[in-house]
Amino acid sequence: IQLLRNCRAFRRTVEAASRDLDPALLTDYVYRLSGAFQKYYQSHDNTVLCPEEAPRRARLAICTAVKLVLRNAFALLGVSAPERLDSPTS
């Protein structure tokens with residue numbers, strides 16, 4: 001739920017960055033959201049692709065929300081991001 005609250009802060013962050021002419025507010029937000037998502041994704045309690053349908057769908061919805069917020073933030077900052085990150089091969 002905290003991760004969704006972080007996503008909801010996007011609009012306020014964009015408004016503040018625009019008002020103050022301070023893109024660093026947006027880059028700081030992206031950094032914090034990315035870190036929060038990394039912790040969420042790696043948590044053993046939140047295995048995204050779990051066998052039960054209801055939690056799996058909810059967790060995938062959270063991942064999609066974060067993806068959309070990051071995509072919009074990157075677009076505002078003029079930064080591109082890969083559509084997919086693959087694990088490095090050994």
Side-chain angles (χ1 to χ4, degrees):
I1 296 202
Q2 184 59 43
L3 196 52
L4 291 176
R5 287 186 184 124
N6 292 349
C7 287
R8 286 184 48 205
F10 178 63
R11 181 178 179 172
R12 290 188 307 276
T13 303
V14 169
E15 289 171 352
S18 176
R19 180 189 64 239
D20 299 345
L21 300 175
D22 188 0
L25 294 174
L26 190 53
T27 59
D28 289 344
Y29 170 81
V30 167
Y31 181 78
R32 287 190 315 272
L33 179 61
S34 298
F37 180 73
Q38 180 69 15
K39 287 179 186 175
Y40 172 81
Y41 191 80
Q42 289 186 338
S43 170
H44 296 290
D45 296 334
N46 288 321
T47 302
V48 174
L49 297 177
C50 64
E52 299 85 21
E53 184 176 352
R56 181 178 61 241
R57 290 180 68 160
R59 293 169 185 166
L60 286 172
I62 291 170
C63 292
T64 300
V66 172
K67 176 185 173 182
L68 293 174
V69 169
L70 290 175
R71 180 187 297 160
N72 289 333
F74 290 154
L76 288 172
L77 292 166
V79 176
S80 63
E83 193 61 33
R84 177 185 172 116
L85 293 177
D86 292 320
S87 297
T89 57
S90 302

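- The cluster map of Ile, Leu, Val, Met, Phe, Trp and Tyr, joined by side-chain heavy atoms under 4.5 Å apart, puts Phe37 and Leu77 in the same cluster.
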Please output the side-chain donor-acceptor pairs of residues 1-17 that fall under 3.5 Å, not counting sequence neighbours, one pair per line with the distance.
| residue | atom | partner | partner atom | Å |
| --- | --- | --- | --- | --- |
| Gln2 | NE2 | Asn6 | OD1 | 3.1 |
| Arg11 | NE | Glu15 | OE2 | 3.2 |
| Thr13 | OG1 | Ala9 | O | 2.8 |

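- Taking Arg71 as the reference, Glu83 meet the salt bridge (Lys or Arg N to Asp or Glu O under 4.0 Å) condition, with sequence neighbours excluded.
- In terms of hydrophobic clustering, with Ile, Leu, Val, Met, Phe, Trp and Tyr side chains grouped at heavy-atom distances under 4.5 Å, Tyr41 and Leu68 are assigned to different clusters.
- To the nearest 0.5 Å, atoms OG1 (Thr27) and CZ (Arg32) are separated by 9.0 Å.
- With hydrogens and angles disregarded, a donor-acceptor distance shorter than 3.5 Å links the side chain of Thr64 to the backbone of Leu60.
- Rounding to the nearest 0.5 angstrom, the gap separating the CG atom in Leu26 from the OH atom in Tyr31 is 15.5 Å.
- For Cys50 against Arg56, the heavy-atom pair with the smallest separation is O-NH1, 3.0 Å.
- Using a 4.5 Å cut-off between side-chain heavy atoms of Ile, Leu, Val, Met, Phe, Trp and Tyr, with links allowed through other members, Leu70 and Leu25 fall into different hydrophobic clusters.
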